[in-house]
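Chain identifiers are assigned alphabetically (A, B, ...) following the order of the sequence lines, protein sequences preceding nucleic acid strands; residue numbering begins at 1 within each chain. All values reported here derive from a predicted model rather than from experimental measurement.
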Amino acid sequence: MNHGKYRLIIPFLAPALLLYAVFVLYPYASAVKNSFYQWRGVSANKTYIGLDNYRRLWDDDNFRIALSHNAQLLIVLPLVTISLAMLFAALFVQGGRGVRGADFYRVVFFFPQVMSVVIVGVLWQYIYHPNSGILNSGLRAIGLASFAKPWLGSAQYALWAVAAVVIWQSVGFYMVLFVAGMQSIPWDFYEAARLDGASRFAQFKDITLPLLWENIRVAIIYIAIAALDLFTIVAVMTEGKPNRASDVVARFMYEQAFTNSMFGYASAIGVVLLILTFCLAILLLILSRRERLEF
Amino acid sequence: MSDKVVTQLVDEAVRRHYTRRDIVRRGAALGLSAPAIGMALNAARPLPAFAQDASNPLGVDPAAGLEVVIFDGGFGNEYAVNVNTMYNALYPDAEITYTATIRLGPQFQPRFVAGNPPDVMDNSGAENLPIATLVAEGQLADLADLLAAPAYDTEGSSFIDTLVPGSQETGVFSGAQNVLLYAMTVYGIWYDQTWFAEQGYTYPTTWADMMSLCEDIKAQGIAPWTYQGQYPQYMRLLFDQMVPKQGGLEALVALDNLEDGAWLSEPVVAAASALRQLYDNGYILEGTEALSHTDSQAAWLQGQAAFIPCGTWLENEMSDLIPEDFVMVVNPSPSLEGDVVPFEGVGAWAGENFHVSEQGKNVQGGKEWLRLLFSKEGARFFSENTKAPTVVVGAADGLDLGVPFQSAADAIANAGDYTFASRYADWYPQLSTDSRDQFGRMMTGQASVEEALQAIQETADAVKADDSIPKYTREI
């Protein structure tokens, strides 16, 4: 009986495993290997240099700048994204009562999620355009000209202008995640709470939040991992400019490889990023562990 | 005894696909004499056996296939298709594999790593393969025999003699001509001739005049200047001609050769300080720092700013947006006080990097393709097709290519020997990135001239001290 089961499972799994091995595991392994070499990436010529790439990384101020941006985003992105997503989800479905037009808003908020990151990045470049962009034009039109800034050209605002786009794009996804979670909470809990005179906020705090914890936990881990990457949006919108003010580690790694021809060094950065992401995921899993509530 | 070593070296070279350069290096390391290395070279990588005669001076195998890769950028690629046709007219049996793309790096890097690169490439554009790195890894063929070969359609001249003198200097790496450059570029300050005539303005030849003209323009409510804000290297490229005009070519060469303290020298400070006045006096269009290159150029075409620094690709790049009565002309940077070079000195160099792969299957065919591209016939087609001048002397004679083309041609003619091009940004990408960023800070008031130059000097020092980065030098 079992024998027959494996005969069925293996042909189904094998192609996926093979693809995973070839396109994920093998590149990881070769990146680890390359990180111990000096390699310029345009010939097969490699020189073994031990831990030199890692030493260079330790002393590299530009790497630290990029890493510190990831660290700031690691705190801000989950906090803001999850808060907004929770707020919208609660407004739309909590306890089976949504605000007027909730279905329409759900589609509107989810929409950015179905667009490619590159398109989102280019679109927002127009929105942030210093003179003709809708943001600055709008601010000027309502008499707030002093708030109009050269967003992506400014060392002060560029990183946060990009972060705002990331939040704008991802809120919809987590809203849907939370909506699904909230819809699985039995409505009679809320009904009972309402009979006891609990406010909408109290219902949220004492019923929704604890029962939604598993979803929130997933969201935190997803967003935290995403905050350590952000290559695409930064590469499209600012390339880390001006003067590295919006740089992140993944884009810095790309620069080392494809601009500076330091593929060994870039591999070392990739390995460090992999280790950081891995540790972070485990840490968050442990920290966010709570007793599972059955309902 | 040395015979045995030669045999070993030949074996090793064949087995490990050594380039001719590798063989020389390895042979020297093994202590072989020059004739012995020559023997190994001939045995491991024989030169083409095809008869070299007047019609085939490079000894091309007429039946060998040829792979051509072209950067499909501002100049398009019709001119290259034309050269393919010329090649097949000479060698009807040669099958040409042809690719025109804007993404050279991602597409062709693996081919170089695998030792199977295309034969001839126009390696240009934002995503090109880093040329200094290709040179350092011995991937590019030495084009000495092509330079000495007879020109394709200029009777009695060698190939190199048909090109603008000095135009190929930027293709020389440590004495070897690894790269040939094709399109002549003038870099300077642009304005609209029509508007200037209306206003009764003339182009200022000194920086002091530039400042007072800027004051007049500003008083009209128009920004005197803008630049490609997201890419502050456009200001740095202007600085690259102001430095040698102030301090002589040696001041620029000192930057290229990573000399100690070069970025803090007097001519460098003078040039950077002059540019910084544009910010200090409020002459730069508001929001410039957030504009892309095309955004800023469009703003300039719309008359929002009077001056912009750029190269002669500007007309092609913006061709869709040029208003009908807008007549753009290019000029050298105005003279600073104490300049040692006359006002006419200008930034000029040849662009579009063509090279032949050392490990290509048809090295001589690649050189022959370049001989046709750099012929009068090939170059005339290019200029007609793109309205841009080439390095081939006289190829565009009699063609009417418009006012911007003429202003660039005049600028080169007036400059005589005083044309300047820097090398440091091509040789050292770290220095390119950092000088770009520091010029951005300097032009937006986030760093003083001294702070910005100090920061670039530190990067230059770090590059100099880094043994993993291959170094190049140039002579005056």
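Between E137(B) and S43(A) the shortest heavy-atom distance is OE1-OG, 2.6 Å. The minimum heavy-atom distance between V113(B) and G41(A), with the atom names listed, is CG2-O, 3.3 Å. Of all heavy-atom pairs spanning K241(A) and Q230(B), the tightest one is NZ-O, 3.0 Å.
The candidate with the highest count of non-hydrogen atom pairs below 4.5 Å against chain B, out of T238(A), T259(A), T47(A), N136(A), is T259(A). The most heavy-atom pairs under 4.5 Å with chain A, out of E127(B), Q109(B), R441(B), R111(B), come from Q109(B). No other option in S468(B), P130(B), G287(B) has as many heavy-atom pairs under 4.5 Å with chain A as S468(B).
Counting heavy atoms of neighbouring residues, nucleotides and ligands inside a 6.0 Å radius, atom CD of E286(B) does not exceed 12 of them. By the 6.0 Å contact criterion, CD1 on I102(B) is open, its count of non-hydrogen atoms from other residues, nucleotides or ligands being 12 or less. More than 12 heavy atoms of other shown residues, nucleotides or ligands fall within 6.0 angstrom of atom CZ in F231(A). Taking a 6.0 Å sphere around CG of L25(A), one finds it holds more than 12 heavy atoms contributed by other residues, nucleotides or ligands. Within a 6.0 Å sphere centred on CZ of R103(B), other residues, nucleotides and ligands contribute 12 heavy atoms or fewer.
The structure places CD of E239(A) at 5.0 Å from OH of Y231(B), a figure rounded to the nearest 0.5 Å. Between the OG1 atom of T433(B) and the CG atom of N243(A) there is a distance of 11.0 Å, given to the nearest 0.5 Å. Between D295(B) atom CG and N131(A) atom CG the span is 8.5 Å, to the nearest 0.5 Å. Summarising the geometry, atom CD1 belonging to I49(A) is positioned 11.0 Å from atom CG belonging to D467(B); distances are rounded to the nearest 0.5 Å.
Heavy-atom distances place both the backbone and the side chain of N260(A) under 4.5 Å from chain B. Heavy atoms closer than 4.5 Å to chain B are found in the side chain of R56(A), but not in its backbone. Of the two parts of T288(B), neither the backbone nor the side chain holds a non-hydrogen atom closer than 4.5 Å to a non-hydrogen atom of chain A. With a 4.5 angstrom heavy-atom cutoff, E255(A) touches chain B only via side-chain atoms. Heavy atoms closer than 4.5 Å to chain B are found in the side chain of F263(A), but not in its backbone.
In summary, of the residues considered (L134(B), I469(B), L129(B), T133(B)), a side-chain contact (heavy atoms from CB on, under 4.5 Å) with S261(A) occurs for T133(B) alone.
Side-chain contact between P470(B) and R40(A) is present, with heavy atoms from C-beta onward closer than 4.5 Å. Q430(B) places a side-chain heavy atom less than 4.5 Å from the side chain of M262(A).
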